[in-house]
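Since the model is a prediction, treat every value here as computed from it, not as a measurement. All values below come from the heavy atoms of this structure, side chains included, with hydrogens, waters and symmetry mates left out.
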Amino acid sequence: MNGGLMRSATTRRNALALGLGALTITLTRPARATPEIMEQAIKAFTGGKRVQEGRVTFDISLLVENGNSVPFSVLVESPMTKADHVTRIGIFNEKNPLPDVAIFTLTPRCGRASVASRMRLNDTQFITAIAELSDGSYWSAVSEVIVTLPACVED
Amino acid sequence: MWNELRSAGVIAALALCAGARAEDARRSGFDDMGPGTQAMQREDSSNPGMLSALEGESLWSAPAGPAQTSCASCHGEASASMKGVAARYPAFDTASQRPLDLAGRISQCRDQRQQAGPLPRESRELVALTTYVGLQSRGQPIAPPEDARLTPFRDAGKALYSQRMGQLNFSCAQCHDENAGGHLGAALIPQAHPTGYPLYRLEWQATGSLQRRLRNCMIGTRAEPFTYGGLEYIELELFLMQRAAGMAIETPAVRP
Amino acid sequence: MARALINVPAKAKRGEIIEIKTLMAHPMETGFRTGVDGKLVPRDIITQFVCTYNGEVVFSAELFPAITANPFLAFTTIATESGALVFSWTDNHGQTQVQTAPIHVE
């Protein structure tokens, strides 16, 4: 087997795989969320109140192997007492068909403001996590996620 | 003197390590996954493949067929009777004079012993039972049977592995031997050791068999896939399991 | 048939914060995909998850189609007394699946 031939064959295969990926997206994706639509979803969550950066640790891989299942976790600095706790955590995206991912409702009985789940991402994009506190303030963290295509996708 | 001896010992130990590495450069697909996907597999409570094993556990003792027998009626506790079984498949079936993979054996048992009819290939039930049986061998080294009757089939699998196919005209070996560790698009090309089947593939969002994965590869090379349950897949599995002999079973693994 | 995998420590000390992990078998069909017939596959997702501890809600979640198939949820609660944690998953058709895990608090 000639090394040069192999390389060119692999490149052709890559081009085909990438081409097909792009085609699938155009054929099957309906209207997508946009950063503007995400802003509207966030406004609905916060009631238009100011969102401050900080207090939220948003852990999600920068580079993921398959957008079908992207693990994430959110930890918010909070004593989680009756007087001072996190009431809700909202996760929002800017390029999936819908801007909402999940809204978690917490109570002081959680003991810690810590949640983890897995999300679908149909493209490389920014994801926002927003915590609502019992004093009515909102805190956020933003992460970029680069989504790569797996090899040999299902037909 | 003591120091010298100790250094000699250290050098000898290092040489041994290097020797072991040179002997076995095989890598499970697990080793090449991102930390997020590895974490999913590492803990049962976060491994979605365990949902299939859980369903398999219920099916194991669910009565079926006219005599209302279950797997457990004959085989008892799977943790005892099925330990190490998946590590020895495919095996030769005397009645049909051909090799059977584990899913084929389960389906045959269901059809002929329980008389409940065969379970369709890739059906949720068959995948679940195969996953549950496979789980009983987790951590055990793959140990293909030394059965001369399997040799011609394993040889046929070896030939298939190197045979170019599809419109892209690729063989398994061209990607998984010659270019393993390289990339196809952004995805790393694994060495293709079937250590964790049935496994949960994020691409499938489900647990599936080695045959389903091989089918994906064939579609990738624009080849006409073999029929599910076909002898070609079982021959390939015989060869791949021999190639992976000694590596630990991971069922149910998680892969991208 | 059990459709969910729940991880709750069987024993905990009073006041200890324990981690709970749940996996539910569900396709989480988005309603945005087309089937082989070219028609949209109808949406079928878990929309609501609730965890109660001896009858009181400690954690809940509203889920959207962007949540992965076979949804995984991990969260924490304070071990207050022995009893039962009850988990419920409700889909967009209003069907609810319930599973219970006992907890022994020392």
Side-chain angles (χ1 to χ4, degrees), chain A residues 1-25 28 57-74 96 114-124 127 143-155, chain B residues 29 32-43 45-49 122 162 164 166-179 182-190 192 200-206 208 212-225 254-256:
Chain A
M1 163 107 274
N2 171 309
L5 189 66
M6 187 65 220
R7 260 197 303 281
S8 68
T10 313
T11 312
R12 182 182 57 164
R13 164 103 204 252
N14 288 353
L16 264 165
L18 289 172
L20 266 186
L23 188 68
T24 315
I25 287 164
T28 60
T57 306
F58 187 21
D59 190 8
I60 186 165
S61 288
L62 172 65
L63 186 70
V64 301
E65 295 168 299
N66 193 312
N68 280 342
S69 184
V70 183
F72 68 92
S73 66
V74 183
N96 283 4
S114 163
V115 296
S117 186
R118 294 169 189 157
M119 73 172 89
R120 293 169 166 143
L121 291 175
N122 74 349
D123 206 348
T124 294
I127 313 296
S143 271
E144 186 183 18
V145 181
I146 297 166
V147 178
T148 64
L149 283 174
C152 301
V153 297
E154 192 99 305
D155 60 319
Chain B
D32 296 322
M33 302 195 299
T37 320
Q38 283 187 342
M40 249 183 243
Q41 180 180 327
R42 209 172 267 132
E43 236 185 277
S45 56
S46 71
N47 179 348
E122 225 50 33
S162 301
R164 287 169 171 267
Q167 290 173 335
L168 298 190
N169 206 27
F170 275 133
S171 71
C172 312
Q174 281 177 297
C175 272
H176 299 288
D177 284 346
E178 294 164 30
N179 284 284
H183 286 81
L184 183 61
L188 192 124
I189 302 172
Y200 192 91
R201 195 171 179 221
L202 303 186
E203 176 60 23
W204 298 332
Q205 308 185 60
R212 183 173 179 185
R213 186 65 190 86
L214 292 172
R215 187 177 181 277
N216 286 179
C217 263
M218 293 185 78
I219 286 165
T221 61
R222 313 293 182 266
E224 178 81 28
V254 179
R255 294 290 184 269

So which atom in [X] and which in [Y] form the shortest heavy-atom distance, rounded to 0.1 Å?
X: A:Asn68; Y: B:Leu202; answer: ND2-O, 2.9 Å
X: A:Arg118; Y: B:Ser46; answer: NH2-O, 2.6 Å
X: B:Gly36; Y: A:Pro71; answer: O-CG, 4.3 Å
X: B:Ala186; Y: A:Thr148; answer: CB-CB, 3.4 Å

Whether the side chain of A:Glu65 engages the backbone of B:Thr37 through a donor-acceptor N/O pair (distance < 3.5 Å, no angle test) should be reported.
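It does not hold such a pair.
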Heavy-atom distance under 4.5 Å to chain A: side chain of B:Met218, backbone, both or neither?
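Neither; nothing under 4.5 Å.
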